[in-house]
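Here the structure is laid out as structure tokens; the discussion comes afterwards.
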Amino acid sequence: MVKLFNQFLNFIFPPTCPICGESVGSYGMLCARCWSGFNWISNPKCFKCGYPFPADLDLGPTPMCPHCAAGENDLDYIRSACVYDDVSKNIMLPFKHASALKYQTIMSRAMINAIRDLNLDVDIVMPVPLAWRRLFKRGYNQATLLARPIAKHFNAKLDVDTISRKYKPDMGHKNAKQRRENVRGVFKVLNPDKIRGKKILLVDDVMTSGATFYELNRILRKAGVSAVYAVSFCRVVHAI
Ligand SMILES: [Zn+2]
Ligand SMILES: [Zn+2]
């Protein structure tokens, strides 16, 4: 019945690529040309934070980037679907600022794919919180829009109110150390009983230096969670 209904829907509203409008096989798919324009992250990559290494490097089964090797990343795993570049920026920025909801499915699906091979056991999916002032201005948290289908995929609880975030002015183009200092102390666990002993997957649209994930990890561990994973749609990749 559902299949029949889908066929009917495909007939009335043929599925199209949300970027270029080309017809595609099913809803929420990109056409082959747009798909190939993205810099999707595959192996080899840092097994802790997902930092992509050049394709021709053979680094063994569990390669680690210098940051993770230096103990700077205490999350269990971080993954991102693609590199932040002009192509990913072109869908991420409208999604963040202009409610371009047509990208929600392709972004969240790409994120689910990026963590598939980790076979994670997730209790709670938590979008990176926005300060209420930003939420009020924008009307929605773009990370929540991505977290909702991801929570559904894991059959996990979507949690948007256990952590609050203090408003701080934009960080601009700061280096990793300054970003870390800027985000320190902005999050607060309002209800530790809800998350103690749980495995938590953090969700954001973009990872810049990782400072936000690191700080959330710090306060979540303090609140007694048992594992912290994070996934973003894209990530800024600097040469290391
Ligand atoms: Zn297309
Ligand atoms: Zn790493």
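This one's a predicted model, so the numbers in the text were calculated from it and none came from an experiment. Both ligands and their constituent atoms are indexed starting at 1 by order of listing. These values consider heavy atoms only, across backbone and side chains, with no hydrogens, waters or symmetry-generated copies.
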Are Y214 and M126 grouped together when hydrophobic residues (ILVMFWY) are joined by side-chain heavy atoms under 4.5 angstrom apart?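 They do share one cluster, since a chain of ILVMFWY contacts under 4.5 Å joins Y214 to M126.
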Between SG of C17 and SG of C31, what angle is found at the Zn ion (ligand 1), rounded to 10 degrees?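 Between SG of C31 and SG of C17, the angle at the Zn ion (ligand 1) is about 120°.
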Quick check for you: with the Zn ion (ligand 1) as the vertex, what angle do SG of C20 and SG of C34 span, to 10°?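 Output for this angle: 110°, rounded to tens.
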Would you call D205-K96 a salt bridge at under 4.0 Å N-O?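 Between K96 and D205 there is a salt bridge, with a charged N closer than 4.0 Å to a carboxylate O.
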Do the charged groups of D123 and R196 touch, with an N to O distance under 4.0 Å?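 The answer is no: the pair does not qualify as a salt bridge.
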Apply side-chain contact (heavy atoms from CB on, under 4.5 Å) to H67 and Y51, showing your working. CA-CA 10 Å; H67 294 298; Y51 180 91; over 6 Å; no
What protein N/O/S atoms sit under 2.8 Å from the Zn ion (ligand 2), by chain and number?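 Result, waters dropped: C46 SG, C49 SG, C65 SG, C68 SG.
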Checking side-chain hydrogen bond (donor to acceptor under 3.5 Å, both in side chains) for the pair N113/R109: CA distance, chi angles, key distance, verdict? CA-CA 6 Å; N113 273 333; R109 276 193 195 167; over 6 Å; no
Can any side-chain N or O of E215 pair as donor or acceptor with the backbone N or O of T212 at less than 3.5 Å?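 It does not hold such a pair.
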Taking the six-membered ring for Trp, are Y77 and F47 parallel (under 30°), tilted (30 to 60°) or perpendicular (over 60°)?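 Ring orientation, 0 to 90° scale: perpendicular.
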